[in-house]
Amino acid sequence: MKFSEKDIMAALSTVQDPDLHNDLVSLNMVKDVKAGPERVSFTVVLTTPACPLKEKIRKDCEEAVRKVIGDTVELDIVMSSSVTTSRDKAPVLTGVKNIVAIASGKGGVGKSTVTANLAVALAQTGAKVGLIDADIYGPSIPVMFNCEHDQPEVKVVNGKNVIQPLDQYGVKLLSIGFLTPPDSPVVWRGPMASSALKQFIGDADWGELDYLLIDLPPGTSDIHLTLVQTVPVTGAIIVTTPQKVALADATKGLAMFRQPQINVPVLGIVENMAYFTPEELPGNKYFIFGKDGGKNLSEKYGVPLLGQVPLVQGIRESGDSGLPAVMKEGVVSQAFRDLAEAMARQVAIRNATFAKTKKVEL
């Protein structure tokens with residue numbers, strides 16, 4: 001049986017990316033095709049290392065190519081990844097492909113817990129991840145990453161002081177909590193808080209990142225406006241709990257990003273504390289804050305529900321001990337890994353289907 005590299009490409013042109021609804025060849029996801037009488041090889045470049053559909057795409061490729069080469073020829077499929085971006089080259093954060101804002105309408109819904117575990121889960125897939133703790137008045141990321149007593153270095157580069165983010169669990173970190181005593185409140189007016197965020201963005205050496213997560217303060221404030229005016233944000237994630245009072249505030253946060261003058265795509269909603277599960281009885285679910293509030297909100301506004309994270313004692317213990325729950329085995333870690341895959345998936349879809357986000361000019 002004779003076949004060429006052109007035949008292999010033709011076969012792969014029948015394989016669809018389930019999210020982007022186009023074939024792999026048209027999407028330029030097939031590389032390094034080699035076809036010999038005894039061995040065929042090629043590389044599929046996925047849009048993120050956290051792709052939840054990796055095995056399905058690999059299987060579809062194998063089935064399509066086997067129709068051409070038969071069952072006796074050796075087939076070597078290499079699955080790699082290159083995270084997509086919707087950002088133009090900009091004067092700040094030039095090496096960052098995607099900037100994702102993590103927001104909540106009110107405090108206490110576990111936004112920082114979700115952000116910390118999401119960052120580590122993405123890093124575990126091999127993605128390059130950074131995290132800015134923009135909750136200036138209540139920074140909790142230093143505790144959650146067990147580095148509240150550490151301080152970032154400052155290096156002079158071309159006559160300018162440049163902050164070196166800390167590196168913990170494979171995630172680059174900056175927080176106002178690294179720069180102030182743990183027991184001292186940050187009593188600043190809005191412009192000072194906004195100035196601190198601008199420094200974390202523009203005066204830090206973030207290097208090359210696939211995802212930079214911004215842990216925003218609760219509500220809608222100066223910090224939110226400063227972020228969207230300083231950099232083009234790829235998308236936003238809204239964290240809520242199921243009860244009515246949290247959903248009412250989450251709706252306001254969602255509506256803020258959708259305002260015409262801001263126009264940041266909402267990647268999805270995370271329903272935290274969706275139900276209580278005793279760790280010794282993982283099959284039991286108790287909906288103590290109500291049921292499916294985040295799911296109903298996502299359906300109402302036509303945005304994806306990225307995940308439902310259970311209320312488990314181990315999550316609180318992990319946050320307090322500074323070892324994120326996703327680093328331990330169990331139902332909780334799987335929930336955060338699924339959440340990371342869902343977020344990465346929505347970022348890839350957003351980059352392929354929506355126009356580039358622009359900085360907000362108010």
Side-chain angles (χ1 to χ4, degrees), residues 17-21 47-53 83-86 97-106 109-122 125 127 129 131 210-216 218 220 224 227-228 232-242 246-259 262-275 291-310 326 332 334-355 357:
D17 183 294
D19 287 330
L20 305 183
H21 306 297
T47 54
T48 171
C51 179
L53 303 171
V83 175
T84 58
T85 181
S86 63
K97 291 183 176 180
N98 297 288
I99 301 168
V100 179
I102 317 287
S104 68
K106 67 187 293 292
V109 298
K111 171 181 50 58
S112 295
T113 298
V114 168
T115 305
N117 282 280
L118 185 55
V120 174
L122 287 168
T125 70
V129 186
L131 197 170
D210 295 316
Y211 307 100
L212 177 60
L213 308 185
I214 315 290
D215 182 20
L216 291 167
T220 52
H224 298 68
L227 175 64
V228 297
V233 177
T234 304
I237 292 172
I238 308 296
V239 180
T240 185
T241 48
L247 294 170
D249 290 337
T251 301
K252 295 171 185 173
L254 189 152
M256 181 201 71
F257 287 109
R258 283 188 161 183
Q259 284 183 345
I262 293 178
N263 195 31
V264 170
V266 176
L267 300 173
I269 290 170
V270 177
E271 186 182 281
N272 194 29
M273 309 182 209
Y275 49 86
K291 187 177 181 182
D292 288 340
K295 180 181 178 183
N296 295 336
L297 184 68
S298 72
E299 291 173 353
K300 180 179 178 180
Y301 288 95
V303 297
L305 179 68
L306 299 179
Q308 292 175 300
V309 181
V326 73
V332 172
Q334 191 57 52
F336 284 122
R337 290 190 188 105
D338 292 344
L339 175 60
E341 290 181 350
M343 188 214 86
R345 186 180 184 181
Q346 290 304 319
V347 168
I349 293 172
R350 176 259 176 277
N351 289 341
T353 55
F354 288 99
T357 309

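A quick note: this is a predicted structure, and the numbers were derived from the prediction, not measured. What you see below is based on every heavy atom in this structure, not just the backbone, and it leaves out hydrogens, waters and symmetry mates.
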Check your understanding: Between the side chain of K252 and the main-chain N/O of G105, is any donor-acceptor distance below 3.5 Å?
Key -> no
request  = Go through the steps for N351 and T47 under the test side-chain contact (heavy atoms from CB on, under 4.5 Å), then give the verdict.
outcome  = CA-CA 10 Å; N351 289 341; T47 54; over 6 Å; no
Looking only at heavy atoms, the pair that brings P52 and E341 closest together is CB-OE1, 3.3 Å
Report task. Evaluate the criterion side-chain contact (heavy atoms from CB on, under 4.5 Å) for residue pair I238 and F257; output intermediate values, then yes/no. Result -> CA-CA 10 Å; I238 308 296; F257 287 109; 4.1 Å; yes
Sidechain-backbone polar pair: N117 side chain, V326 backbone, donor-acceptor under 3.5 Å:
yes
Practice task
Verify, without hydrogens or angle tests, whether N98 (side chain) and T84 (backbone) share a donor-acceptor contact under 3.5 angstrom.
Solution key: yes
Any non-hydrogen side-chain atom of L247 less than 4.5 Å from a side-chain atom of P242?
no
Original post:
Taking side chain as C-beta onward, heavy atoms only, is L122 less than 4.5 Å from M343?
Top reply: yes
Heavy-atom closest pair (S86 atom, T234 atom, distance to 0.1 Å) is OG-CG2, 4.2 Å
Result for side-chain contact (heavy atoms from CB on, under 4.5 Å) between L131 and one of I102, T115, I214 points to T115
Q) Are any non-hydrogen side-chain atoms of K295 and E299 less than 4.5 angstrom apart? A) yes
Checking L213, D215, L339 against V114 for side-chain contact (heavy atoms from CB on, under 4.5 Å), the one that qualifies is L339
A342 and L306 have their tightest heavy-atom pair at CB-O, 3.5 Å
Q) Are L53 and R345 close enough that some pair of their side-chain heavy atoms sits under 4.5 Å apart? A) yes
Exercise for review: Start with the C-alpha gap between R258 and V303, add the side-chain angles, then the distance that decides, and say whether side-chain contact (heavy atoms from CB on, under 4.5 Å) holds.
Suggested key: CA-CA 12 Å; R258 283 188 161 183; V303 297; 3.1 Å; yes
Heavy-atom nearest pair, V239 first then V109, reads O-CG2, 3.7 Å
Taking every heavy atom of A344 against every heavy atom of T48, the minimum-distance pair comes out as CB-OG1, 3.4 Å
**Asked** Are any side-chain N or O atoms of R350 and backbone N or O atoms of A355, one a donor and one an acceptor, separated by less than 3.5 Å?
**Response** yes
Original post:
Does any non-hydrogen side-chain atom of I269 lie less than 4.5 Å from one of Y301?
Top reply: no
*Can you check side-chain contact (heavy atoms from CB on, under 4.5 Å) on T125 and R337, steps first, answer last?*
CA-CA 9 Å; T125 70; R337 290 190 188 105; over 6 Å; no
What one should report as the nearest heavy-atom pair of P265 and T357 is CD-OG1, 3.7 Å
